[in-house]
Amino acid sequence: MSISFIKSASAPEHWIQDQTTEICLVGRSNVGKSTIINVLANQQIAKTSKTPGRTQLVNFYDFGKYRLVDLPGYGYMVGSHKLKQGISNIINEYLSQRTNLFAVFQVCDANVITDMDIQMSKYLTSKFKNHYVVLNKIDKKTLSVYLNNHSRICNYLKVKPDQLIFISAKNKTNISLLRKTIHDLLVKI
């Protein structure tokens, strides 16, 4: 299977127009979405940056059986109010209008869950049957610290225990679980 970057686009009229199933990643800036894409692809197809707010377009990736879509990061962003509002509109348009969208994986920093993350999780839970929270960067502490707080985090984000996935894209911890979750979703189509 060949995995590749397809295109970046800002407006719905420039998005890919077909019936391919899409799974999207959404999260605050600098939570590691691009690194997750590269680890899932087993190759460098997404640009990574240490500077938050670099992804400002909707990025489409061909993963064979599905298309992975990386949305711009919400939250921290350098730029004008107009640019920030534009990014917010892009995220909202994609999540509310995209008929190809089958599942949403919200990526959060396992060490810093913000009010914006909570608001986004509540919104996604109310709108999508297939909504998962991926807590990235678990390499910062021992895994037991996160697992011991599993139910508290679920309550905090208003998700069920099976909707929460702890990973470290940097160390590739639990990436197989993330892949299995995506695979199991695709089997249901």
Any side-chain heavy atom of [X] within less than 4.5 Å of one from [Y]?
X: T20; Y: I16; answer: no
X: H150; Y: P161; answer: yes
X: S96; Y: K127; answer: yes
X: L101; Y: V69; answer: no
X: V133; Y: I165; answer: no
X: I3; Y: Q43; answer: yes
X: F60; Y: S8; answer: no
X: L164; Y: L135; answer: yes

Could you grab the distance from atom [atom1] of [X] to atom [atom2] of [Y], nearest 0.5 Å is fine?
X: I153; Y: C108; atom1: CD1; atom2: SG; result: 10.0 Å
X: T99; Y: E22; atom1: OG1; atom2: CD; result: 8.0 Å
X: I90; Y: I87; atom1: CD1; atom2: CD1; result: 4.5 Å
X: S34; Y: K47; atom1: OG; atom2: NZ; result: 10.5 Å

Closer than 4.0 angstrom, basic N to acidic O: yes or no for [X] and [Y]?
X: R28; Y: D117; result: yes
X: K180; Y: D184; result: yes
X: D18; Y: R67; result: yes

Backbone of [Y] reached by a side-chain donor or acceptor of [X] within 3.5 Å:
X: D62; Y: S4; result: no
X: K158; Y: N155; result: yes
X: N171; Y: T173; result: no
X: N149; Y: V145; result: yes
X: Q106; Y: V104; result: no
X: T125; Y: K122; result: no
X: Q44; Y: A46; result: yes
X: Q97; Y: N92; result: no
X: N130; Y: F102; result: yes
X: N136; Y: V31; result: yes

Would you say [Y] ends up clustered with [X] if hydrophobic residues are merged whenever their side chains have heavy atoms under 4.5 Å apart, either directly or through other cluster members?
X: Y66; Y: I189; value: yes
X: I138; Y: I167; value: no
X: V159; Y: I118; value: yes
X: M116; Y: Y123; value: yes
X: I113; Y: L143; value: yes

Looking only at heavy atoms, what is the nearest atom pair of [X] and [Y], with distance?
X: N174; Y: F166; result: ND2-O, 2.7 Å
X: I6; Y: Y61; result: CD1-C, 3.8 Å
X: P12; Y: E93; result: CD-OE1, 3.6 Å
X: R179; Y: N42; result: NH2-OD1, 3.3 Å
X: F63; Y: I45; result: CE1-CD1, 4.1 Å

Checklist outcome for this item: From the list N59, L57, V26, I36, side-chain contact (heavy atoms from CB on, under 4.5 Å) with D70 holds only for N59
Checklist entry - Could you go step by step and tell me if L25 and L71 meet the side-chain contact (heavy atoms from CB on, under 4.5 Å) rule? => result CA-CA 6 Å; L25 298 180; L71 296 181; over 6 Å; no
Checklist entry - Strictly by modelled atom types, are Y146 and N111 linked by a side-chain donor-acceptor pair under 3.5 Å? => result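 Looking only at side-chain atoms, N111 and Y146 do form a donor-acceptor pair, the distance falling under 3.5 Å.
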Next on the checklist: Working note: M120 + I91, criterion side-chain contact (heavy atoms from CB on, under 4.5 Å); need CA distance, chi angles, decisive distance, verdict.
Outcome noted: CA-CA 11 Å; M120 180 61 80; I91 295 168; 4.3 Å; yes
Next on the checklist: Does atom NE2 (H183) have a neighbourhood of more than 12 heavy atoms from anything else shown, all under 6.0 Å?
Outcome noted: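 No, because the 6.0 Å sphere around NE2 of H183 holds 12 heavy atoms or fewer from other groups.
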Item to check | Greater than 12 external heavy atoms within 6.0 Å of K7's NZ | outcome: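 Yes.
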Checklist entry - side-chain contact (heavy atoms from CB on, under 4.5 Å) with T35: which residues, sequence neighbours excluded? => result V39, T48, A169
Next on the checklist: What verdict does the side-chain contact (heavy atoms from CB on, under 4.5 Å) test give for Y74 and S88, after you've listed the backbone C-alpha separation in whole Å, the side-chain angles of each residue and the deciding distance to 0.1 Å?
Outcome noted: CA-CA 7 Å; Y74 56 82; S88 182; over 6 Å; no
Next on the checklist: Please evaluate residues Q119 and L124 with respect to the criterion side-chain contact (heavy atoms from CB on, under 4.5 Å), reporting the C-alpha separation (whole Å), side-chain torsions for both, the decisive distance (0.1 Å), and the verdict.
Outcome noted: CA-CA 9 Å; Q119 290 170 13; L124 294 172; over 6 Å; no
Checklist entry - Could you go step by step and tell me if H131 and F105 meet the ring-ring contact (aromatic ring centres under 6.0 Å, His included) rule? => result CA-CA 6 Å; H131 163 232; F105 286 80; 8.8 Å; no
